[in-house]
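In this chain, numbering begins with 1 at the start of the sequence shown.
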Amino acid sequence: QVQLLESGGGSVQAGGSLRLSCAASGAFGAFSRNRVTWFRQAPAKEREGVASIYTGGDNTYYADSVRGRFTISRDNAKSTVYLQMNSLNPEDTAMYYCATYWLGGSWSDGSRYRTWGQGTQVTVSS
């Protein structure tokens with residue numbers, strides 16, 4: 001069973017950048033063959049699928065709210081998926097989670113993922 005650990009969150013000013021990492025431990029082969037998706041959830045808001053990447057790294061999806069600012073990538077040799085976030089604004093403030101073991105269906109539907117990390121907080125000040 002793979003376990004996920006997010007890192008890279010922090011506090012930045014609007015316009016700044018952060019790079020989040022989602023590192024997998026255990027079942028590395030399975031991780032590299034699975035979709036990995038970043039979600040975020042802000043207080044009093046619904047969870048939102050932010051960006052998703054499939055096995056080869058050339059199949060990516062983004063929420064409209066982040067397209068053009070965020071980039072998802074993966075390094076299967078390191079069992080890690082990254083989320084490069086540029087041009088951050090206060091609306092990006094949230095807890096960010098990565099998830100894998102996708103069960104099919106919509107990539108942005110959190111109920112379709114079996115394994116989640118603990119999350120990393122991103123705070124963007126104006």
Side-chain angles (χ1 to χ4, degrees):
Q1 181 74 15
V2 67
Q3 293 182 322
L4 303 178
L5 180 64
E6 301 95 336
S7 62
S11 297
V12 296
Q13 290 190 327
S17 298
L18 286 172
R19 188 176 81 156
L20 306 184
S21 297
C22 172
S25 60
F28 297 118
F31 178 77
S32 68
R33 294 190 297 271
N34 271 273
R35 177 181 296 281
V36 178
T37 297
W38 284 98
F39 290 85
R40 67 185 180 186
Q41 188 162 22
K45 291 188 177 181
E46 291 189 358
R47 183 173 55 197
E48 176 187 20
V50 174
S52 185
I53 189 166
Y54 206 36
T55 57
D58 56 352
N59 189 344
T60 58
Y61 298 87
Y62 295 94
D64 289 343
S65 58
V66 306
R67 187 175 292 111
R69 300 188 298 122
F70 291 11
T71 301
I72 190 171
S73 61
R74 69 190 303 164
D75 184 340
N76 286 334
K78 296 182 178 180
S79 296
T80 302
V81 170
Y82 304 99
L83 185 67
Q84 177 67 45
M85 307 187 297
N86 298 328
S87 301
L88 286 162
N89 58 62
E91 289 70 38
D92 296 315
T93 295
M95 184 71 79
Y96 284 70
Y97 302 87
C98 61
T100 192
Y101 284 128
W102 178 56
L103 302 173
S106 171
W107 69 265
S108 60
D109 181 353
S111 70
R112 306 303 296 169
Y113 294 83
R114 284 172 42 193
T115 301
W116 292 77
Q118 295 299 308
T120 185
Q121 177 68 38
V122 171
T123 303
V124 184
S125 58
S126 58

- Message: Side chains of V50 and F39, heavy atoms from C-beta outward: is any pair under 4.5 Å?
- Response: no
- Query: Of the non-hydrogen atoms in N76 and T55, which two are nearest, and what is the gap between them?
  - Reply: ND2-O, 3.4 Å
- Query: What pairs of residues pass the salt bridge (charged side-chain N to carboxylate O under 4.0 Å, His left out) test when at least one of them lies in residues 44-55, not counting sequence neighbours?
  - Reply: R40-E48
- Query: Rounded to the nearest 0.5 Å, what separation is found between the CG atom of D75 and the OG atom of S32?
  - Reply: 11.0 Å
- Message: Just verifying a value: how many Å separate T60 OG1 and F70 CZ, rounded to the nearest 0.5 Å?
- Response: 14.0 Å
- If you measure from CZ on R19 to CE on M85, what distance do you get to the nearest 0.5 Å? 11.5 Å
- Message: Looking at K78, is its backbone amide N or carbonyl O close enough to the side chain of T80 to form a donor-acceptor pair, meaning the two atoms are under 3.5 Å apart?
- Response: yes
- Task: Just say parallel, tilted or perpendicular for the rings of Y97 and W116, cut-offs at 30° and 60°.
- Result: perpendicular
- Any residue meeting side chain to side chain contact (heavy atoms under 4.5 Å, CB included) with S17, in chain and number order, not counting sequence neighbours: Q84, N86
- Using 4.0 Å as the upper bound for N to carboxylate O, is an ion pair formed by D109 and R112? no
- Message: Could you tell me if the side chain of Y61 sits less than 4.5 Å from the side chain of N59, heavy atoms only?
- Response: yes
- Task: Could you tell me whether the side chain of Y54 reaches within less than 4.5 Å of the side chain of N34, counting heavy atoms only?
- Result: no
- Are T37 and Y113 linked by a side-chain donor-acceptor pair shorter than 3.5 Å? yes
- Task: Test T100 against W102 for side chain to side chain contact (heavy atoms under 4.5 Å, CB included), laying out the working first.
- Result: CA-CA 5 Å; T100 192; W102 178 56; over 6 Å; no
- What distance separates S79 OG from L4 CG, expressed to the nearest 0.5 Å? 10.5 Å
- Query: Under a 4.5 Å cut-off applied to non-hydrogen side-chain atoms, are T71 and L83 in contact?
  - Reply: no
- Sequence neighbours excluded, the answer for side chain to side chain contact (heavy atoms under 4.5 Å, CB included) partners of V124 is V12, A14, L88, P90, D92, T93, V122
- How long is the span from the CD1 atom in I53 to the OG atom in S73, to the nearest 0.5 Å? 6.0 Å
- Message: So does C98 get a backbone contact from the side chain of E6, meaning a donor-acceptor N/O pair under 3.5 Å?
- Response: yes
- Closest heavy-atom pair, V81 versus F31, reported as atoms and distance to 0.1 Å, is CG2-CZ, 3.9 Å
- Message: Can you tell me if Q121 has over 12 outside heavy atoms packed within less than 6.0 Å of its CD?
- Response: yes
- Query: Looking only at heavy atoms, what is the nearest atom pair of L103 and R114, with distance?
  - Reply: CD2-CD, 3.5 Å
- Message: Between T115 and Q1, do the side chains contain a donor N or O and an acceptor N or O under 3.5 Å apart?
- Response: yes
- Could you check if a side-chain atom of Y82 sits within less than 4.5 angstrom of a side-chain atom of L20, using non-hydrogen atoms only? no
- Task: For residues V2 and A24, report the shortest heavy-atom separation together with the two atoms involved.
- Result: CG2-CB, 3.5 Å
- Item | Rounded distance (nearest 0.5 Å) linking atom OG of S21 with atom CZ of R74 | 13.5 Å
- Is there a donor-acceptor contact under 3.5 Å linking the side chains of S52 and R35? yes
